[in-house]
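Please read the structure below before turning to the comments.
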Amino acid sequence: MSAEATNERPPRRRRGPRIDLRRLGRAALGGSGARDRFPDALEHVAKTHRAHHPGADLDILRRAYVFAESSHRGQTRKSGGPFITHPLAVTLILAELGAETTTLTASLLHDTVEDTEVTLDQVGELFGEEVRFLVDGVTKLEKVDYGAAAEPETFRKMLVATGNDVRVMSIKLADRLHNMRTLGVMRPEKQARIAKVTRDVLIPLAERLGVQVLKAELEDLVFAILHPEEYARTRDAVRAHTGRPDPLQATAARVRSVLREAGVTAEVHVRPRHFVSVHRVRLKRGELTGSDLGRLLVLVAEDADCYAVLGELHTCFTPFISEFKDFIAVPKFNLYQSLHTAIAGETGQVAEVLIRTHQMHRVAEAGVIALGNPYAAAEAPDAAEGERADPTRPGWLSRLLEWQRAAPDPDTFWTSLRDELAQDREITVFRADGGTIGLPAGSSCVDAAYAQYGQGGHTCIGARVNGRLVTLGTVLRDGDTLQLLMSPDTASGPSPDWREHARTAAARIAIGRWFATHPAPAPEPDTGAPPALPLPPAARPGARGPAPTARGPVAVVCDEAGLADAGVRLAGCCTPVPPDEVTGFAVRGGAVTVHRAQCPAVARMTTAGRRRITVQWRRPDGSGPGDFRVTLRAESFSRPHLLADLTEVIAAEGVAVISAAVEPPYEQRVRHTYTLQLPDAAHLPELMRAMRRVPGVYDVGRAGWPVAAPL
């Protein structure tokens, strides 16, 4: 893993001096008197490791160091120093974060397979399969074999290994940190390339694994390389406060006094911000104050003490409530827990405060590294033999491992990985069946469909969020309850507009692959005329039920001697039927047009000064029950054969279809409009209920009346 800070590597199998592997094996196993002598170079690592793990087995570390030093002997870094200084430095970084012995052993050996004649099998024979797996996970793929795809495919391999053991990524992050620290010996263009990959991939991974110490230093190193002017401006702003009284120290002293008087045992520290954090504060607040250069850190023993401290601070100081966040009750997706607040300091400046337990602090600093070794043999009573319990595999990693399988192309994988890692927050959505879905912030219902069903997400036809029908493009919020509505037709596919709604790599890759294998048909030539809508046989006028009559329901004009016998027309905009409340307006030729009283046209004509004519319903004398014409709109989720199913139900109710129209689908929703001839207006409610029972239909309403369409 040292390509960033080593000499240009010679071709594979020509890595420097020939090594006597049998001699290395004997040395690693403690031969030649090496057992009684602990290497001086390893003393600092051992002391740091024992501070976190008093009972650690140092002998395996000694053997690993001897093996690594002998393997790399004769190799130098680009700076001119012995190569062994690199794995030693990486191991010390991990030891300072509290990594357990197996991680440190693999860290010492992590470049042996990549840069020497040592094989993975030999590592496994000498140090065990667990160490072998970790070393394999961080070993780069050769450019001679993969060409330009070597870097993305190396990261793919590493992420897959991380899915089985997060310690792989812990070693990679420490490896990258040491290489970034020594990047000054590289050419500027190579520095920039490595810094960009660090920014786009490694820093987001450090954030997701909760390793804030590594993340903060990596951010500063990248900041200095990619934005040297902003870095210099921030550095000068920090230096300008050097030697001045620190307002945070005065506030910390007051906080200690307040907590001591309240009987709360706590440590109060002033925690300096790293340069990128100072830069962000400067962009947010403008001119920097002394309080902006750090934060107060309050450490206590128990969770309850955190809230006790919060209560004292908000009682004895002026709090800024907008800055309060409770990450103890609702931890971040990377295991982070703390209370965040801000108070007015001794000089009136804003002082940000972090409140956490000592254990929370260890996890906040080192993330998964602070959890020790979660991969010991599973001890759960229901665990299968050899199964590993993995409490540290987060939802984002599971999602990443899922979609990477569907991205065989290295460029697609590399682009999708960067996009996925650009999401800086994760939300939890509760499924209607009781489960949960973890998604990046900004995800839509489309993303949730593919997260829950994989390729089956193609058949999603709608969604309810918190009980309400919504479009599939609706952005989900943390804590939403989601019910996905799926089509039984497994052959159905996504809508083209889903590409705009997909935020996650899993959804984008799945949708892209579907359209790649289902090309859209060539568009028909535009003749300038609206397309004809063929009706299925059951929908044709007179196919079943009464034939439409030339005359619809009759309205009789009342309280007018001159218009009593006028011709009556039913307005097409609202198609009134009994027992609708109706009103009329005189039109040319002495006729009367009848509207529903609630029709929007009535309000417009009344405002314009048109005089209303009182009308009422009446059946024609001697003609029996009248035929009534009505227009209905069916709101539904798009699916095959929906038009045929709806018209069949309409015909089964003894109703004739005069005309039908289907609007183009939008976000998997479609609206059908039917003009129908009913033998009896009293049958209308039952007809509408029958139409609503058709699968996919979620509402039916009269034309001109509002329907409960999704928001």
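Ring to ring, His279 and Tyr231 are not that close: their centroids are 6.0 angstrom or more apart. Between Phe324 and His340, the distance separating the two ring centers is not shorter than 6.0 angstrom.
The shortest distance between side-chain heavy atoms of Ile225 and Met180 falls below 4.5 Å. In this structure, the side chains of Val429 and Thr436 stay at 4.5 Å or more apart for every pair of heavy atoms. With a 4.5 Å cut-off on side-chain heavy atoms, Glu302 and Val300 do not count as touching.
Donor-acceptor pairing under 3.5 Å is lacking for the side chains of Gln359 and Gln337. In this structure, a donor-acceptor pair under 3.5 Å is absent between the side chains of His53 and Thr101. At a cut-off of 3.5 Å, with distance as the only test, a side-chain donor of Thr474 or Thr471 sits close to an acceptor on the other residue.
Salt bridge absent: Glu312 and Arg260 never bring a charged side-chain N and a carboxylate O closer than 4.0 Å. In summary, Glu287 and Arg282 do not engage in a salt bridge, as defined by a charged side-chain N under 4.0 Å from a carboxylate O. Looking at Lys284 and Glu323, a side-chain N of the basic residue comes within less than 4.0 Å of a carboxylate O on the acidic one, giving a salt bridge. Look at Arg271 and Glu365 and you find a salt bridge, because one of the NZ, NE, NH1 or NH2 atoms lies within 4.0 Å of a carboxylate O, short of that distance. Under the 4.0 Å criterion applied to side-chain N and carboxylate O atoms, Lys172 and Asp175 are assigned as salt-bridge partners. For Lys215 and Glu219, the salt-bridge test passes: some basic side-chain N is under 4.0 Å from an acidic carboxylate O. A salt bridge links Glu151 with Arg193: at least one charged nitrogen is closer than 4.0 Å to a carboxylate oxygen. Between Asp292 and Arg273, none of the side-chain N atoms (NZ, or NE/NH1/NH2) sits under 4.0 Å from a carboxylate O, so this pair counts as no salt bridge. Looking at Arg256 and Glu267, no side-chain N of the basic residue comes within less than 4.0 Å of a carboxylate O on the acidic one, giving no salt bridge.
Annotation: the span from Ile355 atom CD1 to Tyr307 atom OH amounts to 10.0 Å, rounded to 0.5 Å. For the atom pair CD (Glu100) and CG (Asp57), the distance works out to 12.0 Å, reported to the nearest 0.5 Å. The CH2 atom of Trp498 lies 5.0 Å from the SG atom of Cys460; values are rounded to the nearest 0.5 Å. Separating the CG atom in Leu134 from the CG atom in Asp165 is a distance of 5.0 Å, to the nearest 0.5 Å. We find the CD-OG distance between Glu352 and Ser277 to be 7.5 Å, quoted to the nearest 0.5 Å. Distance NE2/His49 to CD/Glu96: 13.0 Å, rounded to 0.5 Å.
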Test side-chain contact (heavy atoms from CB on, under 4.5 Å) on Leu214 and Leu97 and set out the steps.
-> CA-CA 9 Å; Leu214 301 188; Leu97 291 173; 3.8 Å; yes
Where do Arg464 and Tyr698 land on the side chain to side chain donor-acceptor pair (under 3.5 Å) test, with the steps shown first?
-> CA-CA 12 Å; Arg464 292 182 185 270; Tyr698 58 82; over 6 Å; no
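Between the Asn164 side chain and the Ala161 main chain, no donor and acceptor come within less than 3.5 Å of each other.
Partner of Leu94 under the side chain to side chain contact (heavy atoms under 4.5 Å, CB included) criterion, out of Val45, Thr48, Leu104: Leu104 alone.
At most 12 heavy atoms of other shown residues, nucleotides or ligands fall within 6.0 angstrom of atom NE2 in His44.
The cationic group of Lys325 does not satisfy the cation-pi geometry with Phe327, failing either the under 6.0 Å distance to the six-membered ring centre or the 45° limit from the ring axis.
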